[in-house]
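Labels below follow one simple rule: chain letters A, B, ... track the order of the sequence lines, proteins then strands, and each chain is numbered from 1. Below, each value reflects all heavy atoms present in this structure, side chains not excepted, and no hydrogens, waters or symmetry copies.
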Amino acid sequence: DTAVSQTPKYLVTQMGNDKSIKCEQNLGHDTMYWYKQDSKKFLKIMFSYNNKELIINETVPNRFSPKSPDKAHLNLHINSLELGDSAVYFCASSQDFGLAGGDEQFFGPGTRLTVL
Amino acid sequence: GQQLNQSPQSMFIQEGEDVSMNCTSSSIFNTWLWYKQEPGEGPVLLIALYKAGELTSNGRLTAQFGITRKDSFLNISASIPSDVGIYFCAGLLNAGKSTFGDGTTLTVKP
């Protein structure tokens, strides 16, 4: 059973296009996240949702819009893609929010986005 | 914002050797986490630490939460080829927001 799944695994697109990445977790967790990992492997948090509500929104261009239709899903939509958006995007989930023992995050396999 | 300094940046070791890496911060954290990322995969949690001074083991891995709450280390004993990957530390102070170190890339030569 896949705990945190993302689709697609690879996404190649042209500059200026709009694309979406989907994430689903079957762990029953309350909190979901999106991270960006650049070519140097640095992991930076972008967004966090707890019970479908936006909790963390780091300094991310507003071309990036997360959407959480329910607790098990957190999708990432990106408008007007730019070359600098090329990276690996990871979805993650955790059981609780702010409770000791609940912050451990389970990561999806990643979506490699290449903008040409 | 909070910054984590993870060192070393990379390590090349022989199979059977012990490995040590650490993370330091100028500010305190309430939780330290250690993850391993293999090529083409997402990070996987190895060890979680919740209390200053805590020492926790997971098989050949041992991690400690520094007394000052500003650092943590991870040791791997008797390394094997499948230990290769990128090891990330992460510190948490505020709810849900992990600050990740820049990773230590480990290469193990058979």
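Considering CG of Leu45(B) and OG of Ser94(A), their distance stands at 11.0 Å, rounded to 0.5 Å. Here the NZ-OG distance, from Lys44(A) to Ser98(B), works out to 12.5 Å after rounding to the nearest 0.5 Å. With values rounded to the nearest 0.5 angstrom, Glu41(B) atom CD is found 8.5 Å from Phe90(A) atom CZ. Residue Ile86(B) holds its CD1 atom at 8.5 Å from CG of Leu43(A), rounded to the nearest 0.5 Å. Atom NZ of Lys40(A) and atom CD of Gln9(B) lie 9.0 Å apart (nearest 0.5 Å). Rounded to the nearest 0.5 Å, atoms CG (Leu33(B)) and CD (Gln105(A)) are 7.5 Å apart.
By the criterion of side-chain heavy atoms lying less than 4.5 angstrom apart, applied directly or through intervening Ile, Leu, Val, Met, Phe, Trp or Tyr residues, Phe47(A) is not grouped with Phe42(A); the two fall into different hydrophobic clusters. Cluster annotation: Phe107(A) and Tyr10(A) are assigned to distinct hydrophobic clusters (Ile/Leu/Val/Met/Phe/Trp/Tyr, side-chain heavy-atom contacts under 4.5 Å, transitive). Linking Ile, Leu, Val, Met, Phe, Trp and Tyr residues whenever their side-chain heavy atoms come within less than 4.5 Å places Met11(B) and Leu74(B) in a single cluster. Under a hydrophobic-cluster definition in which Ile, Leu, Val, Met, Phe, Trp and Tyr are linked whenever side-chain heavy atoms come within less than 4.5 Å, directly or via other members, Leu92(B) and Ile55(A) are assigned to the same cluster. Under a hydrophobic-cluster definition in which Ile, Leu, Val, Met, Phe, Trp and Tyr are linked whenever side-chain heavy atoms come within less than 4.5 Å, directly or via other members, Ile21(A) and Leu54(A) are assigned to the same cluster.
Gln37(A) touches chain B through its side chain: at least one heavy atom from C-beta onward sits under 4.5 Å away, while N, CA, C and O do not.
Between Gly40(B) and Lys9(A), the closest heavy-atom pair is O-NZ, 3.2 Å.
When each of Phe88(B), Phe100(B), Tyr35(B) is tested with Tyr35(A) by the rule ring pair (Phe, Tyr, Trp, His ring centres under 6.0 Å), just one qualifies, namely Phe100(B).
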